[in-house]
Protein chains: 2
Amino acid sequence: MDVDPSPDPVVAGHLQELRRGTVVLAALVALRTPGYGYALLESLNEHGIGVDANTLYPLLRRLEKQGLLTSEWNTDESRPRKFYRTSDEGDDLAATLIADWHRLDASLRHLTEETP
Amino acid sequence: MDVDPSPDPVVAGHLQELRRGTVVLAALVALRTPGYGYALLESLNEHGIGVDANTLYPLLRRLEKQGLLTSEWNTDESRPRKFYRTSDEGDDLAATLIADWHRLDASLRHLTEETP
DNA sequence: ACACCATAGTGTGTGAGACACACTATGGCA
DNA sequence: TGCCATAGTGTGTCTCACACACTATGGTGT
């Protein structure tokens, strides 16, 4: 009765597709309080947003390049860490994505109600 | 006061990423009552699931190849139309995706509440 | 009668992004 | 001092969304 994470690669693929955009949204929301990649990785996974390190690191760089995140190296402590923070543009995008998420949610609910 | 669909290509891209998996889910749900591509296209767009013809047609073929949809040509009427119907596997996947969608929804809500 | 448009679908690119794999480097601890 | 967790970068592959081009048919206008 347990939910096997990925028995069928086809199912796993579609589950992943569904998650795709949500990782961006989750990162933008989470980094409103600044943090570095590795910590965010664990935080998101704890929150049930399954994301791989090899997905998150490039994602953070991409979002920074798009101006949605800013970054700075913290060299105060012994180990240098790259701290990211959501920019104003990123915050705007997050709001837009959340709105669209709710819109989609309503649309899907509508659909499922029509075909019971 | 209207919601401009895509002023910024970056924003548009992320909005699309968010939609990605939902089109599959919407198609699987909608085709529990059989239908053909063109009608589904218009139905989804009316329901607020924005999807292009060049996206939907290949998607339907892909889902059929994966065994999530079945298809048959309706040649009774003058114009032949390819009718798709969600298979049992497709129905299972739809249920799984819906469950995951709700899981993600809860996770995101959690995140946003933690960083007000 | 036939030209034209909406409908309905197929086939072939191309580009972007997710993920795998491989790699560097450092701090802490046994 | 050797090993593992931490922290991040770089490269390649594969899939998917979308653009573009194409075939084909039914209805409508003239």
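A note on names: the letters A, B, ... follow the listed sequences, proteins ahead of strands, and every chain is numbered from 1.
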Roughly, in whole Å, what's the span from [atom1] in [X] to [atom2] in [N]?
X: B/Leu69; N: C/dG9; atom1: CG; atom2: P; answer: 13 Å
X: B/Leu56; N: D/dA17; atom1: CG; atom2: C1'; answer: 12 Å
X: B/Arg19; N: D/dA17; atom1: CZ; atom2: P; answer: 13 Å
X: B/Glu64; N: C/dG9; atom1: CD; atom2: C1'; answer: 13 Å
X: B/Tyr84; N: C/dG9; atom1: OH; atom2: C1'; answer: 9 Å
X: A/Glu17; N: D/dC14; atom1: CD; atom2: C1'; answer: 12 Å
X: A/Arg61; N: D/dT11; atom1: CZ; atom2: P; answer: 10 Å

TODO: Let me know, please, whether B/Pro58 or A/Glu42 comes out on the 5' side of the other along DNA chain D by nearest nucleotide.
DONE: A/Glu42

- [ ] Would you classify A/Asn54 as touching base, sugar-phosphate or nothing, given that sugar-phosphate means primed atoms plus P, OP1 and OP2, and contacts are heavy atoms under 4.0 Å?
- [x] base

- [ ] Check step by step if salt bridge (charged side-chain N to carboxylate O under 4.0 Å, His left out) holds for A/Arg61 and A/Glu64.
- [x] CA-CA 5 Å; A/Arg61 286 176 240 159; A/Glu64 187 188 7; over 6 Å; no

According to a strict under-4.0 Å criterion, is [X] in side-chain N/O contact with OP1 or OP2 of [N]?
X: B/Arg81; N: C/dG9; result: no
X: B/Arg62; N: D/dA17; result: yes
X: A/Arg20; N: C/dG17; result: no
X: B/Tyr57; N: C/dG9; result: yes
X: B/Tyr36; N: C/dA8; result: yes
X: B/Gln16; N: D/dA17; result: no

TODO: Can you figure out which of C/dT10, C/dA20, D/dG8 approaches the side chain of A/Lys82 most closely?
DONE: D/dG8

Open item on the list: Check this for me: B/Arg81, atom CZ, are more than 12 non-hydrogen atoms of other residues, nucleotides or ligands nearer than 6.0 Å?
Closed with: yes

Task: Gap separating the CG atom of B/Leu31 from the CG atom of B/Leu60, nearest 0.5 angstrom - done: 6.5 Å

